[in-house]
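Below: the structure, in structure tokens.
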There are 2 protein chains.
Amino acid sequence: MNSEGTLRHFNLRKTKIRIAVLDALAQSVGALSYAVLQERLIEFDRTTLYRTLLTLSDHGLIHKAYEENGESYYARCFGCSDQAHNHEHLHLKCSSCGGVECIEISEQLKRNLAQLPFQEINISAKGSCSTCEPV
Amino acid sequence: MNSEGTLRHFNLRKTKIRIAVLDALAQSVGALSYAVLQERLIEFDRTTLYRTLLTLSDHGLIHKAYEENGESYYARCFGCSDQAHNHEHLHLKCSSCGGVECIEISEQLKRNLAQLPFQEINISAKGSCSTCEPV
DNA sequence: ACTAAAAATGCAACAGTGTTGCAAGTAAGT
DNA sequence: ACTTACTTGCAACACTGTTGCATTTTTAGT
Ligand SMILES: [Mn+2]
Ligand SMILES: [Mn+2]
Ligand SMILES: [Zn+2]
Ligand SMILES: [Zn+2]
């Protein structure tokens, strides 16, 4: 589904910046930092970008994929809603290229995590991404 | 071991702010935010606090326990060194009181995580802490 | 297509945090 | 006590998070 369809599906108004953010994230292999989003969407005010990220995040269209030292990365969600973000994957920050990727985890690990009595669980890791250190 | 002994053990110079930071973290049940540390250690310059947290973190005496929306929380480390931070626990942000705690995880989960090919892994969760919602 | 209500945007403004350079002060070994 | 390497305080700057408010845009109803 394209970005406009996604917005309609989530009952969100179709605005330029929302489409632009969703498009940017959809086209990117890894997650995009707030700084990169800002420079790619330089035609919009950064407050609007800030509020757009909040809205898309609140409704489960995107999620914060990584955060450290004031750097935030965002990525598209798959199967999330405004009820809950279900992130059955981890966020890898590549020590080499600095990129951030969403990485699938094993079924076993998913089951282990599901047993924890918490509303939301996020795993982040540091290491080499598949591009920088091919398997 | 007290804070002075800890610094000696890690071959770090014994300075007022390092002792004060270690003492503050040692006495606290949960992790302390940067903001709280700053107001408790108001007698020191915030740049010095910033560099102190970096130094203690780099050498494995403390770790960043949680980070979101520009808020960082710090906690004492147990068994870490400048070679590696071994965090076999997760960081819980209480949705109720806002506090951050280090929570032990099961042996099984530890084993699962150990199999992942990454240098460093951090788990953070949101939910109710034991104080706000007793078992 | 027209209109009104609801929602989103742009702009200004402010606080907090991360970060660095540099001069002055301090800790630790001799 | 002396020396040296390390640490601190201060200034300074960039970036992010956050809010209020006037203006513009979207969308639903006619
Ligand atoms: Mn992700
Ligand atoms: Mn911890
Ligand atoms: Zn990489
Ligand atoms: Zn609590």
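Within every chain, numbering begins at 1; the chains are lettered A, B, ... in the order of the sequence lines, protein sequences first and strands thereafter.
Note on A:Arg8: nothing from the nucleic acid sits closer than 4.0 angstrom, heavy atoms only. Counting non-hydrogen atoms under 4.0 angstrom, A:Thr15 reaches the backbone sugars and phosphates but no base. When heavy atoms are screened at a 4.0 angstrom cut-off, A:Thr47 is found touching base atoms of the nucleic acid. Residue B:Arg51 is in base contact, counting any heavy-atom pair closer than 4.0 Å across all strands shown. Residue contacts for B:Glu68: at a heavy-atom cut-off of 4.0 Å it reaches no nucleic acid atom on any strand shown. Among the atoms of the strands shown, only primed sugar atoms or phosphate atoms (P, OP1, OP2) are found under 4.0 Å from some heavy atom of B:Ser72.
Where A:Thr52 and B:Lys14 meet DNA chain C, the nucleotide closest to each residue was compared, and A:Thr52 sits on the side nearer the 5' end.
Separating the CG atom of A:Leu12 from the P atom of D:dA28 is a distance of 12 Å, rounded to the nearest angstrom. Rounded to whole angstrom, the span from the OH atom of B:Tyr34 across to the C1' atom of D:dT16 amounts to 15 Å. For the pair A:Leu53 CG and C:dA8 C1', the computed distance is 14 Å after rounding to whole Å. B:Asp45 has its CG atom 5 Å from the C1' atom of D:dG9, to the nearest Å. Computed from coordinates, the B:Arg18 CZ to D:dC6 P distance equals 11 Å when rounded to whole Å. Rounded to whole Å, the distance from NZ on B:Lys16 to P on C:dT26 is 7 Å. A:Ile42 has its CD1 atom 12 Å from the P atom of C:dG10, to the nearest Å. For the pair A:Glu71 CD and D:dA14 P, the interatomic distance rounds to 18 Å; values are reported in whole Å.
Atoms CZ and CZ, from A:Phe78 and A:Arg76 in turn, are 6.5 Å apart once rounded to the nearest 0.5 Å.
At the phosphate of D:dT16, neither OP1 nor OP2 sits under 4.0 Å from any side-chain N or O atom of A:Tyr50. Residue B:Gln38 places at least one side-chain N or O under 4.0 Å from the OP1 or OP2 atom of C:dT17.
In the interface, the side chain of B:Arg13 is not paired with the base of C:dG29 through any donor and acceptor atom under 3.5 Å apart. Contact annotation: side chain of A:Arg46 to base of D:dG17, donor-acceptor pair present below 3.5 Å.
In the model, A:Lys64 has a side-chain atom that pairs as donor or acceptor with a side-chain atom of B:Asn69 under 3.5 Å.
Under the 4.5 Å side-chain criterion, counting only non-hydrogen atoms from C-beta, A:Asn2 is not in contact with A:Thr6.
B:His59 and B:His9 have their aromatic ring centers separated by at least 6.0 angstrom.
None of B:Glu68, B:Glu71, B:Glu67 except one satisfies the salt bridge (Lys or Arg N to Asp or Glu O under 4.0 Å) rule with B:Lys93; the exception is B:Glu71.
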